[in-house]
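We name chains A, B, ... by the order of the sequence lines, and we start the count at 1 in each one. Predicted model only: the values in this text are computed from it and were never measured.
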Amino acid sequence: MSIDIKNICYTYMRGTPFEKKALDDVSVSIDKGEIVAVIGHTGSGKSTLVQHLNGLLRPDAGQVAVDGISLAGKDAAAKKARQLVGMVFQYPEHQIFAETVYEDIAFGPRNRGFEPEEVDKQVREAMAFVGLDFETFARRSPFRLSGGQMRRVAIAGVVAMNPDYLVLDEPSAGLDPRSRNAVFKEIMALHKSRGIAIVLVTHSMEEAVKYAKRMLVINQGRILFDGNPADIFKNHQQKLVEVGMDEPQVFKLAALLRKQGMELPQGITDDVTLLQMIKKAKGWR
Amino acid sequence: MISVKELKHIYTDADGHEVSALNGINLDIPAGEFIAIIGANGGGKSTLARHLNALLLPTSGKCIVDGLDTAEEKNLWDIRQHVGMVFQNPDNQIVAAIVEEDVAFGPENVGVPGPEIKGRVDRALAAVGMSEYAKHAPHLLSGGQKQRIAIAGVLALEPRVIVLDEPTAMLDPQGRKEIVRTVKQLNKEKGITIVYITHYMTEALEADRVVVMEKGNIRFSGTPHEVFSRVDELEKAGLEAPLAAKIASELRKSGIKLPKEIITDEELAEVLCR
Amino acid sequence: MLSDITLGQYFPGNSFIHRLDPRTKILATLIYIIAIFFADSFLSYAILTGFALAVILISRLPLLMVLKSLKPIMIIVVLTLGIHMFTAPGETVLFTWKFLSVTQEGLELGVKMSLRLMLLLLFSSVLTFTTSPIVLTDGIESLLRPFKKIGVPAHELAMMMTIALRFIPTLLEETDRIMKAQTARGADFSSGNLLQRAKNMLPLLVPLFISAFRRADELAVAMESRCYRGGEGRTRMHELLYKGIDYAAFGTIFALTALLAFLRWGTALCAL
């Protein structure tokens, strides 16, 4: 079970003076159950790439297949395959439209053709996942909620479609640190309990290192690196800086300490480990 | 320059309940200071910002700008000229479809003579490094560039204070750096007083003074060193301390004596690797 | 993508026509339209057509592109021609087919009427091809200003147009984004009967309106904090100024009008 992208190209505004090549012969596979971070600066092509994962954009050349079914067709099978991939856009709260939280979350599952009982079950589960109490929120107007709560309603609306793959485009954008952490905790819980694949588009190297096992670095419409985030930061630091990517804070601090003579092992990715290693190096305990 | 005394702000929400957004704020901002206000959402940061140029008026208490009381209507336009505001969404504060026309909007409003406006626009665009985009259409610019246009639009009014309300919340890391660099420069080179509201602690590190707000109150304030070394209190307020400060605080907790307040990587390295 | 649509039909350039003050162009277009109604002989029509073609040539616009702007009114032109041809009273019958007959007078009237329509549109499209919407707005505001006393809100109209021009691309982008987001949630914007389709548009329209109102609200606050308080006491960075070329253009268009007026009434005056 996987999403397979083979040799896709995509150009915006083809045939106009504004023509811009966004993807240039990209191939990549994403397996079910993976967490993949997609990073790259604005205009690198990362958003264009993820919009191919559920057929929102059709490649000019190349193929996209979900679980072996090509998304190019207009038949029921292709439609079904597209719906296996859930997509949470940037600022997803801007797509909320229904009168109640319940109705908005139920929109997706109903479009998938679920029976009413199944819709109800999915809405309840999705609300539980994003930490919205059913009794408190289901009948409330989504437009009366706080920004963080609206974001959760929108994410629940996609989760309730019970996708096998979930693409999130900067799910923490504009949130304060507390809400940021809460949203990620919920996404990780979802990944764990349902075993769905998470594709996380982010500008934050911290988030990539903290949550993903695999990272795609996109630059000028191509995949520059594909691998373990810690390894990529360790081995390609120079190149990453060249294409405008920052290192995660933990890496920066560890590198500085090493440079000033402290003996720290390579590949420290989180602050707890860094703390332990500092203590060890200094002979503290 | 700005003096906020016992400022309270109470409003009625959509359900008819009275909500207190600010419960008696006291804050003095001297001319030329770069002050950062941090705090979780709903803490009252934006409400406070909107009092500084009379977009909101106090329920009780006072807000004095350059000797002018914001509550007095005759002071309104003087205050708005002195205190410029930059908002979160760069798209929703650009009025005109050409960059230089937008920057000219403020001076045109206050009746600056035509030939003088041109000079102001050119200077403002130069100050934010956007001179070459004068004739461009704003919707084709990056987020960081749009936000710099918004800053130029405020600068063209030649204010003494600029209040920025989460100007980087919707920007990518590149755009965030552009804004912080621009703001610092305006503060250092032009002596403009900066009130900078943000979620990003690394940005607040650049300020002369940091104020932590929570639930309509000022919890604590001080230099970045004083504020960011109080790691636990920050977390309680829903904020995150910089990594070096967190590590230093953990080391202290396990009984290790560190000589001074540590908030940057360099300071930590200096202390640990001597 | 929706944002592919370019706004208006402005075709950038630096020709004589492009460099004219927008007010000159608007007024000249109005005068030309009046002149069209002076024309009655074929000579007058030939002069008017020649003048229009000359203006297009001077503006260095691709002729084909300008002619294409006639496409939307072609049906009306053909209809006008047909109605006059078959219904206008006349004596010289050219040919008859069943109960329909075409007269010499009817044909001439039909050709003249449809020519009027085409010239009218052709000449005004030169105005929009050579003037950016923003400059056009400035021109309209400036021309309307004297009518403020009789209650024409010149500044307000211009401000609204400026903001509309600024936000159309932004809202198009937004529409595109919301449409994609709802499509990803299985929304269908294209199938079903009319009622069903209208209902299917709600997930697009509701967020779009909410967003437009939010933008309007934030923009209003931003404008206020930049000291906006209506048109009173407002100055402009670029005050419009008539230059030499504008006077030259006015001279030409007045000469044309005088010529056409002479062709129509002059001969009668001479006879007196």
Side-chain angles (χ1 to χ4, degrees), chain B residues 46 49-50 52-56 76-98 100-122 135 137-140 146 150 153-157 159 162-163 165, chain C residues 2-8 10 12 132-138 141-142 155 158-174 176-177 210-241:
Chain B
S46 291
R50 284 168 189 228
L52 301 183
N53 79 340
L55 283 172
L56 291 175
L76 187 65
W77 302 109
D78 274 341
I79 290 173
R80 291 206 178 143
Q81 252 187 93
H82 284 332
V83 184
M85 282 278 262
V86 175
F87 299 90
Q88 192 183 93
N89 190 332
D91 266 323
N92 298 352
Q93 48 190 323
I94 296 177
V95 183
I98 291 179
E100 64 170 9
E101 296 276 341
D102 184 74
V103 178
F105 179 73
E108 288 180 342
N109 287 337
V110 297
V112 175
E116 198 192 318
I117 296 179
K118 184 76 183 118
R120 284 201 188 194
V121 169
D122 291 346
K135 304 276 182 201
H139 76 274
L140 297 174
K146 280 187 223 172
V154 164
L155 273 180
L157 277 163
I162 298 182
V163 180
D165 188 359
Chain C
L2 280 165
S3 50
D4 289 7
I5 303 164
T6 47
L7 193 63
Y10 176 54
S132 83
I134 299 152
V135 176
L136 201 58
T137 308
D138 278 352
E141 183 188 4
S142 174
H155 164 74
M159 197 69 219
M160 280 192 279
M161 254 175 85
T162 303
I163 292 174
L165 288 171
R166 156 74 187 85
F167 278 92
I168 286 168
T170 308
L171 287 178
L172 282 176
E173 252 174 60
E174 180 122 44
D176 195 49
R177 198 162 49 231
I210 289 174
S211 146
F213 282 122
R214 191 186 53 238
R215 284 183 194 281
D217 192 41
E218 287 182 20
L219 185 69
V221 173
M223 284 169 70
E224 254 188 71
S225 70
R226 282 164 77 184
C227 299
Y228 181 71
R229 50 196 141 164
E232 219 51 56
R234 221 170 168 265
T235 48
R236 297 304 307 268
M237 175 167 65
H238 298 297
E239 286 294 345
L240 291 173
L241 272 178

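- At a threshold of 4.5 Å between non-hydrogen side-chain atoms, the residues F105(B) and R234(C) count as touching.
- Heavy atoms closer than 4.5 Å to chain B are found in both the backbone and the side chain of E224(C).
- Side chain of T235(C) to backbone of V112(B): a donor-acceptor contact under 3.5 angstrom is found.
- Separation of atoms NE2 (H238(C)) and CD1 (I98(B)) is listed at 8.0 Å; rounding is to 0.5 Å.
- For the options G106(B), G111(B), P113(B), A156(B), heavy-atom pairs under 4.5 Å to chain C are most numerous at G111(B).
- Using a 4.5 Å cut-off between heavy atoms, N53(B) touches chain C through its side chain atoms alone.
- Closest of all the heavy-atom pairs between N109(B) and C227(C) is CB-O, 3.3 Å.
- Heavy-atom pairs under 4.5 Å with chain C peak, among V110(B), V154(B), D91(B), at D91(B).
- Among all heavy-atom pairs drawn from R226(C) and G153(B), the shortest one is NH2-CA, 3.7 Å.
- Heavy atoms of P107(B) lying under 4.5 Å from chain C belong exclusively to its backbone.
- Looking at I163(C), both its backbone and its side chain come within 4.5 Å of chain B, counting heavy atoms on both sides.
- In terms of heavy-atom proximity, E108(B) sits nearest to M237(C) at OE2-N, 2.9 Å.
- Looking at V121(B), only its side chain comes within 4.5 Å of chain C, counting heavy atoms on both sides.
- Between E101(B) and T162(C) there is no side-chain heavy-atom pair separated by less than 4.5 Å.
- With a 4.5 angstrom heavy-atom cutoff, Q88(B) does not touch chain C via any of its atoms.
- Summarising the geometry of N92(B) relative to F167(C), their closest heavy-atom pair is OD1-CE2, 4.1 Å, with the distance given to 0.1 Å.
- Not a single donor-acceptor pair under 3.5 Å links the side chain of R166(C) to the backbone N or O of P138(B).
- Across all their heavy atoms, F87(B) and V221(C) have their closest contact at CZ-CG1, 3.7 Å.
- With a 4.5 angstrom heavy-atom cutoff, I94(B) touches chain C via backbone and side-chain atoms both.
- Neither the backbone nor the side chain of V163(B) comes within less than 4.5 Å of any heavy atom in chain C.
- Of the listed residues V95(B), L157(B), V83(B), the one with more heavy-atom pairs under 4.5 angstrom with chain C than any other is V95(B).
- Ranking Q81(B), M85(B), E100(B) against chain C, the residue ahead of the rest is E100(B), based on heavy-atom pairs under 4.5 Å.
- Using a 4.5 Å cut-off between heavy atoms, R50(B) contacts chain C through its side chain alone, with no backbone atom that close.
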